[in-house]
Q: 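One structure, as structure tokens, below. Some questions next.
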Amino acid sequence: MPFDRVRVRLAPSPTGDPHVGTAYVALFNYVFAKKHGGDLILRIEDTDQVRSRASSEAMIMKSLRWLGLEWDEGPDVGGKFGPYRQSERKDVHQKHVDELLAKGAAYRCFCTSERLDEMRKAQREAGHQTGYDRHCRALPESEAMTKVSAKHPFVVRLKMPTDGTTVVDDVIRGKVEFDNARIDDQVLLKSDGFPTYHLANVVDDHLMQISHVIRAEEWVSSTPKHVVLYRAFGWEAPQFCHLPLLRNADKSKISKRKNPTSLAYYERAGVLPEAMVNFLGLMGWSFSDKEEVFTVPQMQQKFELKQIHLGGPIFDTTKLNWLNNQYLQKLDDERFVAYVREKMFSPDYLKKLRPFALERMDRMEQFVDRFAFFFNGALPYEGVELIPAGKTAPEVVTMLSELVEVLDEVYDWTDASLKEATDAFKTKIGWKPKDYFMTLRLVVTGRKDSPPLIESMTILGRETVRFRLRDVLNAPQLKS
RNA sequence: GUCCCGUUCGUCUAGCCUGGCCCAGGACACUGCCCUUUCACGGCAGCGACGGGGGUUCAAAUCCCCCACGGGACGCCA
């Protein structure tokens, strides 16, 4: 361990909704840090200029706080190792890339993406592992500099050793050996001047004095590159610990296509943060062979990285529901009332509903019944005519499944962009407006007499709409 | 395809390092019974797993080897 003090980091990339996988890794990092009296650092990995969004960063921080996983240093709380947003550390990264270049540990590559694509295609067809063919590695320095002055775009790649092995020492897995010859010359600096994950991660982890890198299993295969990087810089590598990947029911890596993965979804669904955290703590780890209900402070006492079971756990929320019920039963008056009044029937949410509600009621008592779908999760579809005349169940299923994909691409969840997206999709599939919109209305609201569809979808939010679009596929009418 | 990781009830897991206490323990789910004017909670019971094959050993879920299966990675994404 390169530093005396335990310092771990959480390094999410702000490219979407706050993910349960992020929370999972966050929990284990948090618990490990606290157990050892160390620090948790939140570092935003926003080096992907195309996909990073500020709104995503804000949501991730909000969700982590909701779970009670507070960080000691981060973009919002500061700290002496900042800045904590990688996009603000470009100079630092550039400087370190220059150092590698000067040392001869890295080289400039002028290959175009077209050439790389063709190369990979050929490799794949030949049945080989894909990887850079090191075309530019042998390029003389003088030639490279000429190209640079001629403004040829380039990336900087790591010079991997061509023989021997690199050993990754993982806290749980032990020593894992990799054949250097099979490891790619990783791009460290992109042509836009931003570092890739690999470079930024190693540099920042070292500069921020990270002692243990606790992250998901998907990183195991790139860790030897990181080890080589640490060596190139002359730094001692941190302890690595790769957590198992949460899985879908079919065992593939958890994805929003097959599971609700957004923490915002679970929060809205009325899952208590202590239940969520407890549930995540049960994935790959166990508190004891008798008790399964525990708090984060209790987990801290007993937690050991080495005890983590490596079989990838299926993220099956059945047990989460039971756990949540356990915690729900313990809610006192204060928390219960606060939840219903401030979260479920929050003033902000009710204000959004007011214009739609008032013109459709003659007595206030009708509100709860008629607007229930604004507060519910899953809707009852018994007796609802989900299939328009002339259409078949498979057609409706296909339409809805494709629509989910379309809506996933909607960048901001507003009336305008939803209208645009749903209209475009309607035109594409060529359904009659009435059939299309009524089906959608029934799926999203569960009733024919709902307020305007687009506005309702906007208010309900992305996660709930997505959930219903998927959930309705289980309705008997649509099963064939 | 190549490399790497994994594999205990349907699901989450204990046990595996330090072989015998394991004809494998707990929890969720499911089924039944009890409690109960309903439902839920709660209680009790039941169902249900060491991927396969070789070895080592007096003894293997536990150690070794092979196979199968699952997953991850193979991006100027993280």
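Because only heavy atoms are used, hydrogens play no part in the values below, and waters and symmetry mates are left out as well, while side chains stay in. Note on naming: letters A, B, ... go to the chains in the order of the sequence lines (proteins, then strands), and numbering restarts at 1 for each one. As the structure is a prediction and not an experimental result, all values here were calculated from the model.
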Q: Between B:A24 and B:U62, how far is it from one P atom to the other, in whole Å?
A: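 Per the computed distance, 15 Å lies between those P atoms.
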
Q: State the pairing partner of B:C58; accept Watson-Crick or G-U wobble contacts with both distances under 3.5 Å, and report none otherwise.
A: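 Its partner is B:G20 (Watson-Crick or G-U wobble, both distances under 3.5 Å).
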
Q: The side chain of A:W322 is closest to which nucleotide in this list: B:C28, B:G72, B:A78?
A: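 So the nucleotide nearest the side chain must be B:C28.
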
Q: Under 6.0 Å from the ring centre and within 45 degrees of the ring axis: does the NZ or CZ of A:R157 meet both conditions for the six-membered ring of A:Y132?
A: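 Yes; both conditions hold, so A:R157 lies above the ring face of A:Y132.
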
Q: Quantified in whole Å, what is the P atom distance between nucleotide B:G15 and nucleotide B:U7?
A: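 About 13 Å, rounded to a whole number of Å.
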
Q: Take the protein atom CD of A:Q326 and the nucleotide atom C1' of B:C28, then report the distance between them rounded to whole Å.
A: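 Rounded to the whole Å, the gap is 10 Å.
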
Q: Which part of the nucleic acid, if any, lies within reach of A:F194 when heavy atoms closer than 4.0 Å are counted: base, sugar-phosphate only, or nothing?
A: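 Nothing, no nucleic acid heavy atom in range.
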
Q: Could you please spell out the steps behind the ring pair (Phe, Tyr, Trp, His ring centres under 6.0 Å) verdict for A:Y24 and A:F279?
A: CA-CA 9 Å; A:Y24 176 59; A:F279 178 63; 9.7 Å; no

Q: Could you tell me which nucleotide pairs with B:C47 by Watson-Crick or G-U wobble geometry, both distances under 3.5 Å, or answer none if nothing does?
A: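 Here B:C47 is not engaged in any pair, so there is no nucleotide opposite it.
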
Q: Protein within reach of the bases, or only the backbone? For nucleotides 10-21 of chain B, mark each nucleotide 5' to 3' as B, S or -, using heavy atoms under 4.0 Å.
A: -SBSS-------

Q: Please report the distance, rounded to the nearest Å, between NE2 in A:H198 and P in B:G75.
A: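 So the two atoms are 10 Å apart, to the nearest Å.
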
Q: If you pin A:Q186 and A:R182 to their nearest nucleotides in RNA chain B, which one's is more 5'?
A: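 It is A:R182, whose closest nucleotide lies nearer the 5' terminus.
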
Q: If you measure from the Lys or Arg side-chain nitrogens to the Asp or Glu carboxylate oxygens, is any gap between A:K190 and A:D48 under 4.0 Å?
A: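 Looking at A:D48 together with A:K190, the answer is no, because their closest N to O distance does not fall below 4.0 Å.
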
Q: For atom P, what is the distance between B:G43 and B:G6, given to the nearest Å?
A: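 Here B:G43 and B:G6 have their P atoms 38 Å from each other.
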
Q: Does a side-chain N-to-carboxylate-O contact under 4.0 Å join A:E73 and A:R9?
A: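 Salt bridge between A:E73 and A:R9, a charged N being under 4.0 Å from a carboxylate O: no.
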
Q: Which is true for A:T47 with a 4.0 Å heavy-atom rule: it touches a base, it touches only sugar-phosphate, or it touches nothing?
A: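 The answer is sugar-phosphate, as A:T47 gets under 4.0 Å only of primed atoms, P, OP1 or OP2.
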
Q: If you compare every side-chain N and O of A:Q123 against the phosphate oxygens of B:G75 (OP1, OP2), does one of them come in below 4.0 Å?
A: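 Checking B:G75 against A:Q123, no side-chain N or O comes under 4.0 Å of OP1 or OP2.
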
Q: Nearest whole Å is fine: how far is B:C3 P from A:E217 CD?
A: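 The distance from CD of A:E217 to P of B:C3 comes to 18 Å, rounded to the nearest Å.
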
Q: Can you measure A:N325 atom CG to B:A29 atom C1' for me and round it to whole angstrom units?
A: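 Nearest whole value for this atom pair: 14 Å.
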
Q: How many whole angstroms separate atom CG of A:D250 from atom C1' of B:G72?
A: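 So the CG-C1' distance, A:D250 to B:G72, works out to 14 Å.
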
Q: Among B:A73, B:G25, B:C5, find the nucleotide with the atom closest to the side chain of A:R173.
A: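 The listed nucleotide nearest to A:R173's side chain is B:C5.
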
Q: Rounded to whole Å, how long is the line connecting atom CZ of A:R247 with atom P of B:G72?
A: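 Taking CZ of A:R247 and P of B:G72, I get 7 Å after rounding.
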
Q: Would you mind checking if A:K90 and A:E88 are paired as a salt bridge, meaning a charged N to carboxylate O distance below 4.0 Å?
A: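 Between A:K90 and A:E88 there is no salt bridge, as every charged N stays at least 4.0 Å from the carboxylate O atoms.
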
Q: For a quick test of reading the model: is some side-chain N or O of A:K253 closer than 4.0 Å to OP1 or OP2 of B:A73?
A: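 Yes, because at least one side-chain N or O of A:K253 sits under 4.0 Å from OP1 or OP2 of B:A73.
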
Q: Which value, in whole Å, describes the distance between the C1' atoms of nucleotides B:G19 and B:C63?
A: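 Looking at atom C1' only, B:G19 and B:C63 are 8 Å apart.
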
Q: When the C1' atoms of B:G25 and B:C69 are considered, how many whole Å apart are they?
A: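 These two C1' atoms come out 27 Å apart once rounded.
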
Q: Using a cut-off of 6.0 Å, state whether more than 12 heavy atoms not belonging to A:K330 lie near its atom NZ.
A: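 Yes.
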
Q: How close or far is atom P of B:G70 from atom CD of A:E218, stated in whole angstroms?
A: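 Distance check: A:E218 CD to B:G70 P gives 21 Å.
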
Q: Look at the side-chain N and O atoms of A:S252 and state whether any lies under 4.0 Å from the OP1 or OP2 oxygen of B:G70.
A: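 So the side chain of A:S252 is outside the cut-off, no N or O lying under 4.0 Å from OP1 or OP2 of B:G70.
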
Q: Any donor-acceptor pair under 3.5 Å linking the side chain of A:N259 with the backbone of A:S255?
A: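 Between the backbone of A:S255 and the side chain of A:N259 there is no qualifying donor-acceptor contact (under 3.5 Å).
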
Q: Taking the same atom, C1', in B:G71 and in B:G51, what whole-Å distance lies between them?
A: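 To the nearest whole Å, 15 Å.
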
Q: Are A:D76 and A:R65 ion-paired here, with the side-chain N under 4.0 Å from a carboxylate O?
A: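 A:R65 and A:D76: salt-bridged.
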
Q: What I want to find out is whether A:R120 reaches A:D117 closely enough, with some N-O distance under 4.0 Å, to be called a salt bridge.
A: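 Looking at A:R120 and A:D117, the cut-off is met.
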
Q: Taking the side chain of A:F178 as its heavy atoms from C-beta onward, which of B:A78, B:C3, B:C5 lies nearest to it?
A: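 Nearest listed nucleotide: B:C3.
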
Q: Using atom C1' of each nucleotide, how far apart are B:C41 and B:C34 to the nearest Å?
A: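 Roughly 14 Å separates the two C1' atoms.
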
Q: Is A:R89 close to A:P83 at the side-chain level, that is, under 4.5 Å between some pair of heavy atoms?
A: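 In short, these two side chains touch, coming nearer than 4.5 Å.
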
Q: Could you state the CG-C1' distance from A:N321 to B:C28, rounded to the nearest angstrom?
A: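 My rounded result for the distance is 10 Å.
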
Q: Under 4.0 Å, counting only non-hydrogen atoms across every strand here, what does A:V187 touch: a base, just sugar-phosphate, or nothing?
A: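 It contacts sugar-phosphate atoms only.
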
Q: Taking the nucleotide of RNA chain B with the nearest heavy atom to each, does A:S221 or A:T196 sit closer to the 5' end?
A: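 The residue whose closest nucleotide sits nearer the 5' end is A:S221.
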
Q: Taking B:G54 as the reference, what is the distance to B:C47 when you measure between their P atoms (whole Å, please)?
A: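 That atom pair is separated by 30 Å.
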
Q: Paired with B:G10: which nucleotide, if any, by Watson-Crick or G-U wobble criteria at under 3.5 Å for both distances?
A: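 Checking every strand shown, B:G10 finds its partner in B:C28, with both distances under 3.5 Å.
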
Q: Looking at A:R120, I'd like to know whether one of its side-chain N or O atoms comes within less than 4.0 Å of OP1 or OP2 on B:C76.
A: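 For A:R120, the contact criterion (side-chain N or O under 4.0 Å from OP1 or OP2 of B:C76) is met.
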
Q: Write down the protein N/O and nucleotide N/O pairs, taken from nucleotides 44-50 of chain B, whose separation is under 3.5 Å; answer none if there are no such pairs.
A:
none

Q: Could you check whether atom CD of A:E334 has more than 12 heavy atoms from other residues, nucleotides or ligands sitting under 6.0 Å from it?
A: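 Not buried by this count: 12 neighbours or fewer within 6.0 Å.
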
Q: Got a salt bridge between A:D133 and A:R115, using NZ or NE/NH1/NH2 to carboxylate O under 4.0 Å?
A: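 Yes, charged N to carboxylate O under 4.0 Å.
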
Q: How is A:E291 classified with respect to the nucleic acid when contacts are heavy atoms under 4.0 Å: base, sugar-phosphate, or nothing?
A: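 Since no nucleic acid heavy atom lies under 4.0 Å of A:E291, the category is nothing.
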
Q: Paired with B:A73 by Watson-Crick or G-U wobble geometry, both distances under 3.5 Å: which nucleotide is it?
A: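 Paired with B:A73, as far as the under-3.5 Å criterion goes, is B:U2.
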
Q: Under a 3.5 Å cut-off for both contacts, is B:U38 paired Watson-Crick or G-U wobble with anything, and if yes, with which nucleotide?
A: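 None - no nucleotide pairs with B:U38, as no candidate has both distances under 3.5 Å.
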
